[in-house]
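Structure first, commentary second.
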Protein chains: 2
Amino acid sequence: MVEKTGQPAYLQIVDELRGQIRSGALPAGTALPSIAQLGERFDVSASVVKAAISVLRTEGAVIGQQGKGVFVREVPAEVPEAVSASGATGEILDQLAQMRQSLKELRDRLAALESAVFPEQK
Amino acid sequence: MVEKTGQPAYLQIVDELRGQIRSGALPAGTALPSIAQLGERFDVSASVVKAAISVLRTEGAVIGQQGKGVFVREVPAEVPEAVSASGATGEILDQLAQMRQSLKELRDRLAALESAVFPEQK
DNA sequence: ATTGACAACTTAGAATTCCAAGTGTTCCAT
DNA sequence: ATGGAACACTTGGAATTCTAAGTTGTCAAT
């Protein structure tokens, strides 16, 4: 991480990733590169990448799933001020995240069921 | 930090501090206790307190000034209660509740199907 | 009395090292 | 062939250790 913008490294990474998300280079639902890979790419330690992802997480731009990866959320979440995780709005975002999680789980289970009931028509 | 809420320590501290800010125990403009003091009070390491403050910082609830302290920002905004349960937000919470109900129902039906199609998968 | 040095705090950023826990794959033994 | 163990990755949380840099108070020398 050499950029001489004066910004700390973890914020530079936040900006970079947020840009890629907004630009569509990282579409909703896709996984970010792993922490190790990002650390390698930006030439920083894992702790810096973790700090960056932590910011994106509390912003709601991204959701981490243990053991799998960090995924771009379906809703940019437009949270300009405070509000992001406090008060009613934060509550709602939390619940939405959980419901999205549940939906994904249901989708997966349903897909498994389908391929069992309607075998091999690929 | 012993509380058995299941929440990680740094989020418990976030909640605690956010509560004190909203309740007025920490009015806008006042400094939080120092990182060392908070670590002592909650019986966690400085890194945990830093993580908590980092969340509050990216939420905009608080602002850190190097060499001086961490100060509560002047933007309580966050209309206390009235709006959160009335108006658009209350509406949204209601819809969330209904969707949660639907999700639960779908989960149950799916579970029934699964146990019919995949018999005895302990 | 003013200035300068210094010590003690403070936040901020970064690296490193653990451990816990979830996921996926591979491979071997039954 | 199927089950299960083992392994490799993954995120998440936490502690520890540095360094950098800003603030404040004290104290001594001029």
Side-chain angles (χ1 to χ4, degrees), chain A residues 1-15 17 26 30-73 85 94 97-98 101-102 104-105 107-109 111-112 116, chain B residues 1-15 17 30-73 118-122:
Chain A
M1 184 103 293
V2 264
E3 306 187 29
K4 55 283 177 193
T5 67
Q7 285 238 106
Y10 79 99
L11 285 185
Q12 290 178 36
I13 295 177
V14 167
D15 286 341
L17 292 178
L26 286 172
T30 63
L32 268 51
S34 80
I35 291 179
Q37 287 172 338
L38 288 173
E40 160 77 21
R41 172 194 305 178
F42 291 109
D43 193 28
V44 294
S45 74
S47 76
V48 174
V49 178
K50 279 186 178 186
I53 289 180
S54 170
V55 170
L56 291 173
R57 236 184 323 133
T58 88
E59 280 178 1
V62 122
I63 251 184
Q65 277 177 255
Q66 231 172 341
K68 299 184 76 175
V70 177
F71 297 85
V72 178
R73 272 185 43 164
D94 283 346
Q98 289 178 345
Q101 190 81 2
S102 296
K104 184 193 183 311
E105 183 199 330
R107 262 196 303 270
D108 289 344
R109 285 164 63 184
Chain B
M1 185 101 298
V2 264
E3 304 186 29
K4 56 282 178 193
T5 66
Q7 285 237 109
Y10 79 100
L11 285 185
Q12 290 178 35
I13 296 177
V14 166
D15 286 340
L17 292 178
T30 63
L32 268 52
S34 80
I35 290 179
Q37 287 172 338
L38 288 173
E40 160 76 20
R41 172 193 306 178
F42 291 110
D43 193 29
V44 296
S45 75
S47 76
V48 174
V49 179
K50 279 186 178 188
I53 289 180
S54 170
V55 170
L56 292 174
R57 236 183 324 132
T58 89
E59 279 176 5
V62 120
I63 242 182
Q65 274 176 256
Q66 229 172 343
K68 298 184 76 175
V70 177
F71 298 84
V72 178
R73 271 186 40 162
F118 308 124
E120 273 348 79
Q121 293 214 347
K122 46 166 182 268

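Residue numbers begin at 1 in each chain, while the letters A, B, ... track the order of the sequences.
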Under 3.5 Å, which N/O atoms of the protein pair with N/O atoms of nucleotides 19-22 of chain C?
from, atom 1, to, atom 2, distance (Å)
C/dG22, N2, A/Gly67, O, 3.3

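Side chains of A/Asp15 and A/Gln12 form no contact here, defined as non-hydrogen atoms less than 4.5 Å apart. Between B/Ile13 and B/Val44, the closest side-chain pair of non-hydrogen atoms falls below 4.5 Å.
Terminal axes of the helix from C/dA1-D/dT30 to C/dT30-D/dA1 (five pairs each, C1' rotation axis) are separated by 10°, to the nearest 10°.
Of the residues in residues 44-54 of chain A, those lying under 4.0 Å from DNA chain C by heavy-atom distance are A/Val44, A/Ser45, A/Ser47, A/Val48.
Qualifying side-chain hydrogen bond (donor to acceptor under 3.5 Å, both in side chains) partners for B/Ser34, counting only residues two or more places apart in sequence or in other chains: none. Scored by the side-chain hydrogen bond (donor to acceptor under 3.5 Å, both in side chains) test, A/Thr30 finds no partners at all (sequence neighbours excluded).
Although no hydrogens or angles enter the test, the distance criterion places no donor-acceptor pair under 3.5 Å between the side chain of A/Gln65 and the main chain of A/Phe71.
The side-chain hydrogen bond (donor to acceptor under 3.5 Å, both in side chains) contacts involving residues 37-49 of chain A comprise A/Ser45-A/Ser47, where partners must be two or more places apart or lie in separate chains.
Under 4.0 angstrom from either OP1 or OP2 of C/dG13 there lies at least one side-chain N or O belonging to A/Tyr10. Taking 4.0 angstrom as the limit, B/Arg57 places none of its side-chain polar atoms (N or O) nearer than this to OP1 or OP2 of C/dT11.
Between D/dG13, C/dT10, D/dT11, one nucleotide has an atom nearer to the side chain of B/Pro8 than all others, and that is D/dG13. The side chain of A/Ser34 has D/dT10 as its nearest neighbour among D/dA14, C/dT11, D/dT10.
Atom CD1 of residue A/Ile63 and atom CD1 of residue A/Ile53 lie 13.0 Å apart, to the nearest 0.5 angstrom.
Counting to the nearest Å, the P atom of D/dT11 and the CG atom of A/Leu56 are 13 Å from each other. Following rounding to the nearest Å, B/Phe42 (CZ) and D/dA14 (C1') show an atom-to-atom distance of 16 Å. Spacing between atom CD1 of A/Ile35 and atom C1' of C/dT23 amounts to 15 Å, rounded to whole angstrom units. Rounding to whole angstrom units, CD of residue A/Gln65 and P of D/dT10 are separated by 15 Å.
Nearer to the 5' terminus of DNA chain C, by closest-nucleotide assignment, is the contact made by B/Pro33 (compared with the other of A/Asp43 and B/Pro33).
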